[in-house]
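Small disclaimer: the values here were computed from a predicted structure and weren't measured. Ligands are counted one by one from 1 in listed order, and the atoms in each one are counted from 1 as well. Keep in mind that the numbers below use all heavy atoms, side chains included, and drop hydrogens, waters and symmetry copies.
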Amino acid sequence: MYSTGNRIAWLQGPNANCAKTGPVAPRPWHLVLLGPPGVGKGTQAEKIIGEFGACHLSTGDVFRHAARSTEAAAPSPAMATALAAMKRGELVSDGTVVELVRERAQCLACQYGFLLDGFPRTLDQAHALDGILARVERKLDAALNYFAPEPVIIARLSGRRVCSQCRAGYHVANKPPRVADRCDACGGALIQREDDEPEAIRTRLRAYAATCDPVLDYYRRQGLLREIDASGDPEAVFAQTRAVIQRLQPARAG
Ligand code: AP5
């Protein structure tokens, strides 16, 4: 069992020192997690890390971390624009997201490997990722694409709750807390993400539908795409994920 560790360098950017510790997996994985909002990428990422190692690098988490940090201090104009787009459920501009990942290139070079969640979302982002990986001498092992019917996705997003303190994730029906509206881990109040409101969910699903096909084609043409049916419960989805990863031959660095 590997530790999910501390992603401070990913969340805070290049001036923060990485605080992840613990054993390095014999085969560090370099994976991209694709799929619509709410399909369960973050849920699977935590399970993958526990069994296979690597760091969970979510671009959405970077924006949410920035939103919390900027409650005290004013955000930069670029970040303020990005956070406003996110709240509405729209994609942040390619330029802002690519710059954010480029600044964190050391996380992609990390000895633990990585699970990139939420990036790339557009073809331009996929091309930019290739350039960043080439510079840090890493190659993708695979792009895992999770899919599920839209009603399942909407039910997952509208029932999701997160702890306002430790950010642990719950679902009102599928993963309820032991005490209503309270985090099992820290007792913090459970809240709904602003972009899980019905209008923002519709916008996010439209944004995904408008940009996903070229990205999927890009990885399909390179033989990197692996399809995973995410309509079952988290353990059933992870059983497929595990089987897919076990069949992969990790790409050699360089
Ligand atoms: P991001 O944070 O990446 O959000 P997302 O892609 O919309 O994905 P989610 O985090 O909502 O869902 P998930 O698939 O991780 O599902 P989860 O495991 O939580 O992005 C947020 C925003 O940031 C974007 O809208 C955009 O504005 C901006 N952004 C980020 N990256 C960007 C980029 N590259 N370019 C431009 N803009 C970018 O599961 C959901 C719920 O379902 C949970 O409650 C969970 O408990 C439950 N659940 C999960 N799996 C199952 C299952 N198998 N069975 C039953 N319940 C399940």
Residue, atom name and distance, where the atom is the protein heavy atom closest to atom 46 (O) of ligand 1
H171 CB, 3.8 Å
Would you check whether G232 reaches within less than 4.0 Å of ligand 1, judged by its heavy atoms?
yes
Please classify the R193 to ligand 1 contact at 4.0 Å (heavy-atom distances, strictly less than): side chain, backbone, both or neither.
side chain
Report yes if G89 has an N/O atom closer than 3.5 Å to an N/O atom of ligand 1; otherwise report no.
no
Relative to ligand 1, is V92 under 4.0 angstrom through side chain, backbone, both or neither, heavy atoms considered?
both
For atom 41 (C) of ligand 1, what's the nearest protein heavy-atom neighbour? Residue, atom name and distance, please.
R156 O, 3.5 Å
Can you tell me the protein heavy atom closest to atom 55 (C) of ligand 1 and the distance?
N174 ND2, 3.2 Å
Have a look at ligand 1 and work out which part of L157, if any, has a heavy atom under 4.0 Å from it: side chain, backbone, both or neither.
side chain
So, regarding R64 and ligand 1 (criterion: nitrogen or oxygen to nitrogen or oxygen, under 3.5 Å), is there a contact or not?
yes
Looking only at distances, can you tell me whether any N or O atom of G118, backbone or side chain, sits closer than 3.5 Å to an N or O atom of ligand 1?
yes
Would you say T59 has any N or O atom under 3.5 Å from an N or O of ligand 1, going by distance alone?
yes
For R135, the salt bridge (Lys or Arg N to Asp or Glu O under 4.0 Å) test, sequence neighbours excluded, returns none
Look only at interatomic distance and state if G38 has a nitrogen or oxygen under 3.5 Å from any nitrogen or oxygen of ligand 1.
yes
Measure M86 to ligand 1 on non-hydrogen atoms and call it side chain, backbone, both or neither using the 4.0 Å cut-off.
both
Do the side chain of Q222 and the main chain of Y218 share a donor and acceptor less than 3.5 angstrom apart?
yes
same_hphob_cluster(L31, I228) at 4.5 Å side-chain heavy-atom cutoff
yes
At what distance, to the nearest 0.5 angstrom, does OG1 of T96 lie from CZ of F63?
6.5 Å
Closest to atom 15 (O) of ligand 1 among protein heavy atoms sits G42 N, 2.8 Å
Is there a polar contact, in the sense of an N or O pair closer than 3.5 Å, between R204 and ligand 1?
yes
Closest approach of any protein heavy atom to atom 13 (P) of ligand 1, naming residue and atom:
K41 N, 3.5 Å
Looking only at N/O atoms, are R161 and ligand 1 under 3.5 Å apart anywhere?
no
Taking only non-hydrogen atoms of P234 and a 4.0 Å limit, the atoms of ligand 1 in range are 51 (C), 52 (C), 53 (N), 54 (N)
Among all protein heavy atoms in this structure, tell me which lies nearest to atom 18 (O) of ligand 1, with the distance rounded to 0.1 Å.
T43 OG1, 2.6 Å
Residue pairs passing the salt bridge (charged side-chain N to carboxylate O under 4.0 Å, His left out) test with at least one member in residues 153-167, sequence neighbours excluded, are R160-D196
I would like to know whether R226 and R247 meet side chain to side chain contact (heavy atoms under 4.5 Å, CB included); could you show each step before the answer?
CA-CA 11 Å; R226 300 291 183 278; R247 283 196 298 268; over 6 Å; no
Which bit of Y170 gets closer than 4.0 Å to ligand 1, counting heavy atoms only: side chain, backbone, both or neither?
backbone
Nearest atoms (heavy-atom pairs only) where P176 meets Y170
C-CD2, 4.2 Å
Within one Ile-Leu-Val-Met-Phe-Trp-Tyr cluster: V152 and L144, side-chain cutoff 4.5 Å:
no
For A80 versus P75, what's the shortest heavy-atom pair and its separation?
CB-CG, 3.8 Å
Return the closest protein heavy atom for atom 27 (O) of ligand 1 as residue, atom name and distance.
E90 O, 2.6 Å
Just going by heavy-atom distances, which of G40, A148, P36 is nearest to atom 16 (O) of ligand 1?
G40
Nearest-0.5 Å distance that lies between atom OG1 in T241 and atom CD in E235:
10.0 Å
Distance from I201 atom CD1 to R206 atom CZ, nearest 0.5 Å?
12.0 Å
Of all heavy-atom pairs between T43 and P234, which one has the smallest distance, and what is that distance?
CG2-CB, 4.2 Å
D233 heavy atoms, cut-off 4.0 Å: which ligand 1 atoms fall inside?
53 (N), 54 (N)
Give a yes-or-no answer on whether the side chains of D229 and S231 include a donor-acceptor pair shorter than 3.5 Å.
yes
Does ligand 1 have any atom that is closer than 4.0 Å to a heavy atom of G169?
no
One finds that the ligand 1 atoms under 4.0 Å from a non-hydrogen atom of V97 are 33 (C), 34 (N), 35 (N), 36 (C)
Rounded to the nearest 0.5 angstrom, the CZ-CG distance for R64 and L83 is 11.0 Å
Do L248 and W29 touch side chain to side chain, with heavy atoms closer than 4.5 Å?
yes
When you measure from atom 1 (P) of ligand 1 to each heavy atom in R121, R160, Q125, which option holds the nearest one?
R121
Rounding to 0.5 Å, atoms CD (Q165) and CD1 (I191) come to a distance of 9.0 Å
Is the contact between Q44 and ligand 1 made by the side chain, the backbone, both, or neither, using heavy atoms and a 4.0 Å cut-off?
neither
